[in-house]
Student: 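I'd like to ask some things about the structure below.
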Amino acid sequence: MEILELQSKVHDESKQGEAYAPFEADPNLYKKRFYIESYGCAMNFSDSEIVASILHTEGFGATKNFEEADLVLLNTCSIREKAEQTVRKRLTEFRKTKRKKPGMLIGVLGCMAERLKTKLLEEEKLVDLVVGPDAYRSLPSLIEEAEGGQKMVNVLLSRDETYADISPVRLDSNGICAFISIMRGCNNMCSFCVVPFTRGRERSRDAHSIIAEAKDLFDRGFREVTLLGQNVDSYYWTDENNHETVTFAMLLERVALVSPLLRIRFSTSHPKDITDDVLHTMAKYHNICKYIHLPVQSGSSRILQMMNRTYSREWYMAKVDRIKEIMPDCSISADIIAGFCTETEEDHQDTLSIMEYSKYDYSYMFFYSERPGTLAERRYTDDIPEEIKKRRLQEIIDVQSRLSKESNLLDIGKSFEVLIEGESKKDEKDWKGRTSQNKVVIFPKENYAFRAGDYAQVKIDECTQGTLLGKIIKN
Ligand code: SAH
Ligand code: SF4
Ligand code: F3S
């Protein structure tokens, strides 16, 4: 999956925020052109697809070249300071083009829009629009006003907006894998995190609209959907008359029943909320992928408490045990933060040892970046010097590299069902796909009549730290 691939390149702060260019729309169908770039998490990429859909109905077609665009949008992320810096740099580049082409509108969407609100218009004089994540329906009217020379801002957060009725336009898609947003916002208050402030209260999307979107994707040839939310396990939807209640485990089951040929993934799970029900549902359906992203953040109970994660080291380890007990073949990945406030060498060692215990197949690793307005910023001092944060992060990355390699070595000699996502970028004679456990597999096409979207049985005979290499087995 293209977008997860972008994310999976994010090993440290310096690589955060890679851009993503949309497909090219037919110039005869649309009178104006828009260009959009997305930063941050999958929710933002998914939101850009909603924005694209809203813009289509307003006569804007996508372009891959921002210099050609009438409207340039940056869907931004505030999670770490570095992410915001990247966007500011990008805005400077857009400004140069705008000087030559004054009619071009520049808009900032997403989490930075929410965090900085009108400040962006004051600081970045050439920004015309600032629109927060819950205000995309107002884009058409805001654009119209902005075309008349007004600076427009809408950063209202909503308690019920889920964009349930908007059918996303799939941007830069491989035609096989797609995201489906199932909820928005977050009610947790992890002390380091800006998301509850930028995305507002948690709300779950109408279950029927989610199933309908999954069916539609399947009918159009898609073979994998990733259900998205900041905390998917707390998905909980009740219809207007209170006749029907759907939990995350129930939703997973309903999506799994769309077709046995449709793979289901989900992200992100919070260790405190993932239930046995969810684990049993995963085990019951072959097409629910055996992969859980279970951010640990730290291995020290003291730090976890300061982070307000509401679980301890022991609780987390018991959750890992439970996952492996119910699904021995399930892979687990994590998010890890190095150098949170007051972190000692002993706390850091606890993080390294929980990684060993959990045997993560993959991790997203960061060093702590203090965010204005968060609980941690208000309560604690960001007291770990940057060189220590970076050294600890490097140690975490080194452990993870070894764990990933060890996990891949264990797969040699085994065979896996691989969903073919497309040709390998390096060699058109090879296919690229993924196992249920979310590992990338490269294998020669040989003379088999497979196409993207098909499932192939592949035996693994080699690996690198990030990829499995194998051969199709004759069935
Ligand atoms: N909702 C998800 C992830 C949200 S943000 C969850 O709860 O797990 C993705 C990751 O960014 C987090 O899991 C965390 O590891 C990291 N992160 C968030 N705030 C951060 C900060 N202030 N500094 C460094 N990393 C941070
Ligand atoms: Fe942030 Fe915590 Fe919510 Fe994840 S669960 S988005 S880390 S507050
Ligand atoms: Fe970034 Fe917002 Fe996602 S802060 S990580 S884009 S929810």
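Along the sequence shown, the residues carry numbers beginning at 1. Counting starts at 1 for both ligands and their atoms, in listed order.
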Student: So which bit of Phe366 gets within less than 4.0 Å of ligand 1, heavy atoms only: side chain, backbone, both or neither?
Tutor: side chain

Student: Looking only at heavy atoms of Val195, does any of them come nearer than 4.0 Å to an atom of ligand 1?
Tutor: no

Student: Quick one: which ligand 1 atoms are inside 4.0 Å of a heavy atom on Gln297?
Tutor: 8 (O), 12 (C), 13 (O), 14 (C), 15 (O)

Student: Identify the residue among Asp335, Asn438, Thr268 that makes a side chain to side chain donor-acceptor pair (under 3.5 Å) with His293.
Tutor: Asp335

Student: Taking only residues at least two apart or on different chains, which pairs with a member in residues 290-305 satisfy salt bridge (charged side-chain N to carboxylate O under 4.0 Å, His left out)?
Tutor: Arg302-Asp347

Student: At a 4.0 Å threshold, what atoms of ligand 2 neighbour a non-hydrogen atom of Arg309?
Tutor: 2 (Fe), 7 (S)

Student: Check each atom of ligand 3 against the heavy atoms of Asn44 and keep those under 4.0 Å away; list them by number with element.
Tutor: 6 (S)

Student: Is there a donor-acceptor pair under 3.5 Å between the side chain of Thr76 and the backbone N or O of Leu109?
Tutor: yes

Student: Under a 4.0 angstrom heavy-atom cut-off, which atoms of ligand 3 come close to Arg199?
Tutor: 2 (Fe), 7 (S)

Student: Would you call Asn231 a ligand 1 contact, heavy-atom distance under 4.0 Å?
Tutor: no

Student: If I apply the N/O under 3.5 Å rule, does Glu370 come out as touching ligand 1?
Tutor: no

Student: For Tyr368 together with Phe192, are the ring centres under 6.0 Å from each other?
Tutor: no

Student: Can you tell whether the side chains of Arg199 and Glu161 come within less than 4.0 Å, N to carboxylate O?
Tutor: no

Student: So, Asp134 and Arg201, do they make that salt bridge, N to O below 4.0 Å?
Tutor: no

Student: Look only at interatomic distance and state if Tyr368 has a nitrogen or oxygen under 3.5 Å from any nitrogen or oxygen of ligand 1.
Tutor: no

Student: Taking both backbone and side-chain atoms of Thr268, is any N or O found less than 3.5 Å from an N or O belonging to ligand 1?
Tutor: no

Student: Regarding Asp273 and Tyr235, is there a side-chain donor-to-acceptor distance under 3.5 Å anywhere?
Tutor: no

Student: Going by an N to O cut-off under 4.0 Å, is there a salt bridge joining Arg90 and Glu93?
Tutor: yes

Student: Any N/O of Pro295 closer than 3.5 Å to an N/O of ligand 1?
Tutor: no

Student: List for me each residue that meets salt bridge (charged side-chain N to carboxylate O under 4.0 Å, His left out) alongside Asp216, sequence neighbours excluded, and say none if there are none.
Tutor: Arg220

Student: Answer with yes or no whether Tyr364 contacts ligand 1, where contact means a heavy atom under 4.0 Å from a ligand atom.
Tutor: no

Student: Look at atom 5 (S) of ligand 3 and find which of Ala42, Cys111, Cys41, Gly110 reaches it with the closest heavy atom.
Tutor: Cys41

Student: Answer with side chain, backbone, both or neither: which part of Met43 has a heavy atom less than 4.0 angstrom from an atom of ligand 3?
Tutor: neither

Student: Could you tell me which atoms of ligand 3, counted from 1 in the order shown, lie closer than 4.0 angstrom to a heavy atom of Gln230?
Tutor: 7 (S)

Student: Counting each atom of ligand 1 from 1 as listed, which ones have a heavy atom of Arg371 under 4.0 Å away?
Tutor: 22 (N)

Student: With atoms numbered from 1 as shown, which atoms in ligand 1 lie under 4.0 angstrom from a non-hydrogen atom of Arg80?
Tutor: 11 (O), 16 (C), 17 (N), 23 (N), 24 (C), 25 (N), 26 (C)

Student: Which residues satisfy the salt bridge (charged side-chain N to carboxylate O under 4.0 Å, His left out) test with Glu395, sequence neighbours excluded?
Tutor: Arg391

Student: Show which atoms of ligand 3 fall inside a sub-4.0 Å distance from at least one heavy-atom site of Cys77.
Tutor: 1 (Fe), 4 (S), 5 (S), 6 (S)

Student: With atoms numbered from 1 as shown, which atoms in ligand 1 lie under 4.0 angstrom from a non-hydrogen atom of Arg309?
Tutor: 7 (O)

Student: What number of protein N, O or S atoms occur at distances under 2.8 Å from atom 3 (Fe) of ligand 2?
Tutor: 1

Student: Is it true that Glu84 and Lys119 have a side-chain N and a carboxylate O under 4.0 angstrom from each other?
Tutor: no

Student: Do Glu114 side-chain atoms and Gly132 backbone N/O form a donor-acceptor pair below 3.5 Å?
Tutor: no

Student: Arg392 and side chain to side chain donor-acceptor pair (under 3.5 Å): which single residue from Glu343, Gln349, His348 fits?
Tutor: Glu343

Student: Please state whether Arg115 comes within less than 4.0 angstrom of ligand 3, counting heavy atoms only.
Tutor: no

Student: Evaluate the ring planes of Phe94 and Phe66, with Trp represented by its six-membered ring, and classify them as parallel (under 30°), tilted (30 to 60°) or perpendicular (over 60°).
Tutor: perpendicular

Student: Taking NZ, NE, NH1 and NH2 as the nitrogens, is one of them in Glu67 or Lys96 under 4.0 Å from a carboxylate oxygen of the other?
Tutor: no

Student: Do Ile210 and Trp237 touch side chain to side chain, with heavy atoms closer than 4.5 Å?
Tutor: no

